[in-house]
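All of these numbers come straight from a predicted model, not from anything done at the bench.
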Amino acid sequence: MRLLDFYGRHLGELLFLLRQHVGLVAISTVVAVLIGLPLGVLVARRPAWQKPILGMTNVVQTVPSLALFGLLIPVFGIGAWTAITALVLYALLPIVRNTYAGITGVDPAVREAGRGMGMTDGELLRLVELPLAAGVILAGVRVAVVVSVGVATIAAAIGAGGLGVYIFRGVATVDDTLILAGALPAALLALLADGLLGLAERRLVWRPR
């Protein structure tokens, strides 16, 4: 009941922080896909690049979020750009790894059939491999989005806003209502994003007839 009362009294602020949170996650996810998809294709095409690229993305995952934000502040300053950069770095691993796994998982016979039809490497990638790997790639994007929604709550610590503002206020004042006011919508947002991307995956994945 206290939580509902809080939302009723602070609805405008809640919606503002929610828009900030969604903006951080959306922008970072788009950038991560634009970077991670080509990197995944590169790793699949050039096995020698697998260890350095996947190794670097693995290392980023081991760095605590607050520490990563702190390392990026001297470069990007306080605010949203630092948060977006950190979220992009965290999102790269599932996107790169799943892109690599999806493309290398395509049946070699299908590849050979495409080459037999005279397809170039680019056409083979665009018309055969990516459509067949779409389900695995989208699964990686789903993981990246859910992780980003959670990590974005830490962005409030560096002045980037988002639902983490309530969480940090609640921790500072030892107020459970404030903590829940930020944590609950963040959790619901993660579930909603995962559900919508799961629906998109089922609708968009190419299947042979």
Side-chain angles (χ1 to χ4, degrees), residues 22 24-65 68 83-154 186-209:
V22 171
L24 291 173
V25 173
I27 294 171
S28 62
T29 300
V30 170
V31 174
V33 170
L34 292 176
I35 297 173
L37 193 61
L39 283 178
V41 172
L42 176 63
V43 170
R45 287 283 193 267
R46 302 284 188 270
W49 288 86
Q50 179 181 348
K51 284 187 178 179
I53 291 178
L54 292 180
M56 284 188 294
T57 55
N58 275 318
V59 167
V60 171
Q61 293 289 325
T62 67
V63 180
S65 53
L68 183 58
I84 289 170
T85 303
L87 292 175
V88 169
L89 292 174
Y90 279 123
L92 282 178
L93 177 61
I95 295 173
V96 174
R97 185 178 290 279
N98 279 46
T99 300
Y100 165 75
I103 291 177
T104 56
V106 173
D107 189 340
V110 176
R111 258 193 219 98
E112 289 304 315
R115 289 195 177 96
M117 295 170 62
M119 287 185 178
T120 64
D121 281 345
E123 290 171 336
L124 191 64
L125 176 67
R126 188 177 70 256
L127 300 176
V128 177
E129 292 174 321
L130 285 178
L132 288 174
V136 180
I137 294 171
L138 283 173
V141 175
R142 288 173 67 182
V143 172
V145 170
V146 172
V147 169
S148 294
V149 171
V151 175
T153 58
I154 311 296
L188 293 176
L189 181 61
L191 291 173
L192 177 62
D194 185 63
L196 290 176
L197 286 171
L199 180 62
E201 181 181 339
R202 290 191 293 273
R203 288 181 176 272
L204 297 178
V205 170
W206 184 89
R207 293 182 176 85
R209 296 183 183 277

Subject >> Among L89, L39, L93, the one residue meeting side chain to side chain contact (heavy atoms under 4.5 Å, CB included) with T57 >> reply: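 It is L93, the one option of L89, L39, L93 that forms the side chain to side chain contact (heavy atoms under 4.5 Å, CB included) with T57.
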Exercise answer: donor-acceptor pairs, residues 136-146 side-chain atoms, under 3.5 Å, sequence neighbours excluded:
| residue | atom | partner | partner atom | Å |
| --- | --- | --- | --- | --- |
| R142 | NE | D194 | OD1 | 3.1 |
| R142 | NH1 | E201 | OE1 | 3.1 |
| R142 | NH2 | D194 | OD1 | 3.3 |
| R142 | NH2 | D194 | OD2 | 3.3 |

From [atom1] ([X]) to [atom2] ([Y]), nearest 0.5 Å:
{"X": "R97", "Y": "I95", "atom1": "CZ", "atom2": "CD1", "answer": "13.0 Å"}
{"X": "L124", "Y": "M117", "atom1": "CG", "atom2": "CE", "answer": "10.5 Å"}
{"X": "L42", "Y": "T99", "atom1": "CG", "atom2": "OG1", "answer": "11.5 Å"}
{"X": "R46", "Y": "I53", "atom1": "CZ", "atom2": "CD1", "answer": "11.0 Å"}
{"X": "L132", "Y": "I103", "atom1": "CG", "atom2": "CD1", "answer": "10.5 Å"}

Original post:
Do side-chain atoms of Q61 reach the backbone of N58 as a donor and acceptor pair under 3.5 angstrom?
Top reply: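 Looks like no, no N/O pair under 3.5 Å.
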**OP:** Please name all residues satisfying side chain to side chain donor-acceptor pair (under 3.5 Å) with Y90, sequence neighbours left out, ordered by chain then number.
**Re:**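 Here no residue qualifies.
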**OP:** Scan for salt bridge (charged side-chain N to carboxylate O under 4.0 Å, His left out) pairs involving residues 47-60, sequence neighbours excluded, and state none if there are none.
**Re:**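 Listed by first then second residue: nothing to list.
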Original post:
Any idea which heavy atoms bring A152 and L87 closest together, and the distance?
Top reply: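 Result for this residue pair: N-CD2, 3.8 Å.
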Original post:
Would you say the side chain of R111 lies within less than 4.5 Å of the side chain of V128, judging by non-hydrogen atoms?
Top reply: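 No - every pair of side-chain heavy atoms lies 4.5 Å or more apart.
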Original post:
So, do T85 and L68 sit near enough that their side-chain heavy atoms are less than 4.5 Å apart?
Top reply: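 With C-beta onward as the side chain, the pair stays apart.
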Table please: side-chain donor-acceptor pairs of residues 27-35 below 3.5 Å, with sequence neighbours left out.
| residue | atom | partner | partner atom | Å |
| --- | --- | --- | --- | --- |
| S28 | OG | L24 | O | 2.8 |
| S28 | OG | V25 | O | 3.0 |
| T29 | OG1 | V25 | O | 2.7 |

Original post:
Excluding sequence neighbours, so at least two apart, what forms salt bridge (Lys or Arg N to Asp or Glu O under 4.0 Å) with R126?
Top reply: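 Per chain and number, R126 pairs via salt bridge (Lys or Arg N to Asp or Glu O under 4.0 Å) with no residue.
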Original post:
Any side chain to side chain donor-acceptor pair (under 3.5 Å) pairs touching residues 32-45, not counting sequence neighbours?
Top reply: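 Residue pairs with at least one partner in residues 32-45: R45-E129.
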